[in-house]
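Sequential numbering from 1 along the given sequence is applied to the chain's residues.
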Amino acid sequence: SENLRKQARQLENELDLKLVSFSKLCTSYSGARDGRRDSSDTTPLLNGSSQDRMFETMAVEIEQLLGKLTGINDKMAEYTNSAGVPSLNAALMHTLQRHRDILQDYTHEFHKTKANFLAIRERENLLGSVRKDIESYKSGSGVNNRRTELFLKEHEHLRNSDRLIEETISIAMATKENMTSQRGMLKSIQSKMNTLANRFPAVNSLIQRINLRKRRDSLILGGVIGICTILLLLYAFH
């Protein structure tokens, strides 16, 4: 039991030192980034990759120490459960709980610091990419800028042409639909008229007779007028 507590205290001391260094690394990383932005946006961060490697190495070491301390706590828990003296068992339980609280605090601090570091690095990488794009655009020659403007104007012209074509197609489709609707209406009217004609055949026959009689009367009247005219001419010349 004493050996386990000694190992736990030793691991806790190592973790405490590692976590302090880990937190300082995160602070120095953020401060260096802020200093670079204040001084020059185009100056690369010195030792940025070495800081990243140091972060990865320290994170692995701390995770290993946390794993070892967890194993020691588990062994202490097994020993406490197997202890026979009640008073001794209570003291061991108190000691075990204290070591568990320390492990929980160290684990929480490690994950918090690691998350902050990763968030800062991701944000700075994103900002660095944006700044790089801006500087690349600013450093472009006048010819490139002019070409870019021409390309943009040409693109706008193409978009306007596409819009006009779409409007023309829409008008043509509407006209086609209108003509189709009118043709349907005419067919409907013709169908109704044929239906009426078929429904009233007697009326249709009467109308045809009237028309024939009018035509015959007109022919008779015309013949009478013609004969009278001829007779008058013969009488006048004799």
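Note: Glu78 CD to Leu96 CG = 11.0 Å, rounded to the nearest 0.5 Å. Between the CG atom in Leu103 and the CG atom in Leu11 there is a gap of 10.0 Å [rounded to 0.5 Å]. Atoms NE2 and NE2, on His99 and His94 in that order, are 9.5 Å from each other to the nearest 0.5 Å. Atom NZ of Lys75 is separated from atom CG of Asn3 by 9.5 Å, given to the nearest 0.5 angstrom. Annotation: the span from Met58 atom CE to Phe110 atom CZ amounts to 9.5 Å, rounded to 0.5 Å. In this structure, CG on Leu65 lies 10.0 Å from CD on Gln10, to the nearest 0.5 angstrom.
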Inset, instruction - Go through Val60 and Glu56 one step at a time and tell me if the side-chain contact (heavy atoms from CB on, under 4.5 Å) criterion holds. - result: CA-CA 6 Å; Val60 172; Glu56 299 293 342; 5.6 Å; no
Inset, instruction - Evaluate the side-chain contact (heavy atoms from CB on, under 4.5 Å) criterion for residues Asp217 and Leu221: first the C-alpha distance (whole Å), next the side-chain angles of each, then the deciding distance (0.1 Å), finally the verdict. - result: CA-CA 6 Å; Asp217 293 342; Leu221 181 62; over 6 Å; no
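Ser28 contributes a side-chain N or O that, together with a main-chain N or O of Leu25, makes up a donor-acceptor pair within less than 3.5 Å. For the pair Asp16 (side chain) and Glu12 (backbone), a donor-acceptor distance under 3.5 Å is absent. With hydrogens and angles ignored, the 3.5 Å screen pairs no side-chain donor or acceptor of Ser23 with any backbone N or O of Leu19.
By the 6.0 Å contact criterion, CD on Glu122 is open, its count of non-hydrogen atoms from other residues, nucleotides or ligands being 12 or less.
In this structure, the salt bridge (Lys or Arg N to Asp or Glu O under 4.0 Å) partners of Glu61, at least two apart in sequence or on a different chain, are Lys18. Residues satisfying the salt bridge (Lys or Arg N to Asp or Glu O under 4.0 Å) criterion with Glu154, sequence neighbours excluded, are absent altogether.
Met76 is listed as a side-chain neighbour of Asn73, based on a closest heavy-atom distance under 4.5 Å. Residues Lys24 and Val20 form a side-chain contact, since some pair of their non-hydrogen atoms from C-beta on lies under 4.5 Å apart. The closest side-chain heavy-atom distance from Asp101 to Gln97 is below 4.5 Å.
The two residues Leu4 and Ile72 have their closest heavy-atom pair at O-CG2, 3.5 Å. Of all heavy-atom pairs spanning Leu15 and Leu69, the tightest one is CD1-CD2, 3.7 Å. Between Thr229 and Ile225, the shortest heavy-atom distance links the atoms OG1-O, 2.7 Å.
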Please table the atom pairs, donor to acceptor, closer than 3.5 Å between any side-chain atom in residues 112-120 and protein atoms at least two apart or in another chain.
| unit_1 | atom_1 | unit_2 | atom_2 | d |
| --- | --- | --- | --- | --- |
| Thr113 | OG1 | Glu109 | O | 2.9 |
| Lys114 | NZ | Glu63 | OE2 | 3.2 |
| Asn116 | ND2 | Lys112 | O | 3.2 |

